[in-house]
Amino acid sequence: MDYSSKLNPVARDMKPSGIRKFFEIAATRKDCISLGVGEPDFVTPEKFSRAGINSILEGKTQYTANAGLIQLRRAISEYLDGFIGVHYDPASEIIVTVGASEGLDAAFRAICAPGDEILVPEPCFVCYAPLVSLTGATPVPVRCTIENEFKLDAAALEAAITPRTKAVVVAFPNNPTGGIMEKSDLEKIAPVILKHDLMVFSDEIYGELVYGGAKFTSIASLEGMRERTIVLSGFSKAFAMTGWRLGYICAPRPIMDVVYKIHQYAIMCAPTAAQYAALAALEVSMGDGFLEVSEMRAKYDERRRYLVDRLNALGLTCFEPRGAFYAFPCVASTGMDGEQFALALLDAKNVAVVPGSAFGDSGKDFVRISYAYSVDAIKTALDKIEEFLAELKK
Ligand code: PLP
């Protein structure tokens with residue numbers, strides 16, 4: 001059968017994720033040391049897991065409300081009141097999703113339509129452009145540069161806007177660069193967004209993971225922005241719950257009414273046990289001053305400082321990433337681009353990092369190194385990178 005003619009051309013022609021592509025190569029190699037994966041090395045704190053396990057044992061194994069357990073939505077609302085200072089009504093402005101991933105997909109499908117242009121600052125997480133394309137809208141990359149610490153620059157944003165531009169993705173702390181945009185940075189792009197009446201997809205999944213005295217600000221908290229912003233977040237990263245697949249989406253009711261229909265038809269509801277675990281994650285954390293999250297963050301911070309200092313000492317220039325758990329060094333000094341460097345390093349030293357090109361063309365000369373690994377693993381990998389660089393010079 002000629003499957004090619006049967007498949008949706010947009011889905012058929014989507015590029016596979018550059019991260020996955022690279023890991024398929026790495027997975028075939030024995031004893032490979034990976035600094036590639038974008039998920040916490042920590043196990044979900046036991047108190048959170050117990051609540052999920054107990055919910056199953058107590059027989060809470062049915063669907064929940066489509067939008068998620070109301071007590072979880074109330075907890076998310078209370079949490080966001082404190083964390084970002086923006087209030088969302090638990091009954092009508094919050095939906096619990098299958099990770100931030102489902103939230104992103106539903107948000108794009110709710111807003112984007114054929115003919116629309118959606119601005120996607122790059123380098124960025126791999127899913128935005130393909131998911132936008134699936135809606136029939138066109139993702140338009142906006143280049144973020146190391147000179148500007150990979151922040152979204154107001155002039156670059158303005159220059160990318162056309163009469164077709166409907167929305168912009170704002171994703172800080174950023175995967176893959178570790179760059180952040182603090183309040184004063186967001187205040188520079190907000191007037192452009194307001195002037196052109198754009199919507200904002202704000203991916204805040206790494207919001208809790210900022211370091212070095214930085215403070216996370218949601219763009220939704222800026223004047224005039226709440227009404228045009230869809231906040232996407234979840235429990236995967238800061239709460240070390242990737243496998244539970246729990247996230248949430250928040251926006252004004254007219255948007256959520258549409259997101260609700262998409263979520264209801266596609267998903268029904270997020271997994272019930274995971275919702276109970278997430279509820280415990282918020283209740284326990286709000287009760288103990290976010291002890292579990294703070295402890296993990298302190299460990300990431302220690303690894304971050306070690307990694308960045310060593311990369312710079314090795315001549316792999318790395319600006320100071322102040323969020324998420326990634327460093328994004330430039331490898332141009334080796335005469336290779338990120339893909340060549342990652343392949344050669346894997347070949348020579350069995351160490352896996354991700355080529356920056358997986359996150360957009362603007363990441364071409366970089367590699368992403370995750371520090372969601374133990375200090376020992378990071379040290380061993382860097383010793384090998386040091387040997388690799390020394391051998392290159394011979
Ligand atoms: N957004 C960003 C920037 C990410 O890096 C990831 C996962 O790596 C996600 C969203 C998806 O997170 P979730 O596990 O909540 O689906």
Residue pair [X] / [Y]: nearest heavy atoms and the distance that separates them:
X    : Y    : value
F388 : A348 : CD1-CB, 3.8 Å
A238 : M296 : O-CE, 3.4 Å
V231 : E204 : CG1-OE1, 3.6 Å
V37  : S370 : O-OG, 2.9 Å

Taking NZ, NE, NH1 and NH2 as the nitrogens, is one of them in [X] or [Y] under 4.0 Å from a carboxylate oxygen of the other?
X    : Y    : value
R253 : D257 : yes
R143 : E122 : no
E93  : R73  : no
R228 : D197 : yes
D301 : R305 : yes
D41  : K299 : no
R245 : E102 : no

Point-to-point distance, once rounded to the nearest 0.5 Å, from [atom1] of [X] to [atom2] of [Y]:
X    : Y    : atom1 : atom2 : value
E386 : E391 : CD    : CD    : 11.0 Å
L232 : I205 : CG    : CD1   : 9.0 Å
D13  : S133 : CG    : OG    : 10.5 Å
R12  : S4   : CZ    : OG    : 4.0 Å
T162 : E117 : OG1   : CD    : 3.5 Å
I95  : I249 : CD1   : CD1   : 6.5 Å

Close aromatic pair by centroid cut-off 6.0 Å: [X] and [Y]:
X    : Y    : result
Y306 : Y371 : no
F125 : F359 : no
F48  : Y276 : no

Check residues 316-326 and write down every donor-acceptor pair under 3.5 Å in which the side-chain atom is one partner and the other belongs to a residue at least two apart or another chain.
unit_1, atom_1, unit_2, atom_2, d
E320, OE2, R304, NH1, 2.7
E320, OE2, R304, NH2, 3.4
R322, NH2, E182, OE1, 3.0
Y326, OH, Y206, OH, 2.6

*D361 atom CG, over 12 foreign heavy atoms within 6.0 Å*: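 Atom CG in D361 is not crowded, with 12 or fewer foreign heavy atoms closer than 6.0 Å.
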Neighbour count >12 (heavy atoms, 6.0 Å) for atom CD, E58
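It does: E58 CD has more than 12 such atoms within range.
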Do the non-hydrogen side-chain atoms of [X] and [Y] ever get within less than 4.5 Å of each other?
X    : Y    : answer
I94  : D89  : no
I189 : M181 : yes
L389 : T334 : yes
E302 : V375 : yes
R29  : L346 : yes
W244 : F235 : no
L246 : L72  : yes
V169 : C124 : no

Exercise for the section: Check step by step if side-chain contact (heavy atoms from CB on, under 4.5 Å) holds for K349 and E387. Expected result: CA-CA 8 Å; K349 298 289 164 190; E387 285 169 24; 3.0 Å; yes
**Message:** For a side-chain contact (heavy atoms from CB on, under 4.5 Å) check, start with the C-alpha distance between F172 and L152, then their side-chain angles and the critical distance, and finish with the verdict.
**Reply:** CA-CA 9 Å; F172 297 92; L152 173 56; 4.3 Å; yes
* To do: Walk me through it: do E339 and K364 pass the test salt bridge (Lys or Arg N to Asp or Glu O under 4.0 Å)?
  => CA-CA 7 Å; E339 183 144 357; K364 192 175 147 290; over 6 Å; no
Step-by-step side chain to side chain donor-acceptor pair (under 3.5 Å) determination, T145 to N148 = CA-CA 5 Å; T145 62; N148 196 27; 5.4 Å; no
Q: Mind running side chain to side chain donor-acceptor pair (under 3.5 Å) on E39 and T242 for me, showing each step along the way?
A: CA-CA 7 Å; E39 67 174 326; T242 43; 2.5 Å; yes
**Prompt:** So Y300 and L209, side-chain contact (heavy atoms from CB on, under 4.5 Å) or not? Walk me through it.
**Reply:** CA-CA 9 Å; Y300 290 134; L209 298 178; 4.0 Å; yes
How are the rings of Y79 and F290 set to each other: parallel, tilted or perpendicular (split at 30° and 60°)?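 The rings of Y79 and F290 sit tilted, inter-plane angle from 30° to 60°.
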For a side-chain contact (heavy atoms from CB on, under 4.5 Å) check, start with the C-alpha distance between M225 and I193, then their side-chain angles and the critical distance, and finish with the verdict.
CA-CA 9 Å; M225 297 306 293; I193 291 168; 3.6 Å; yes
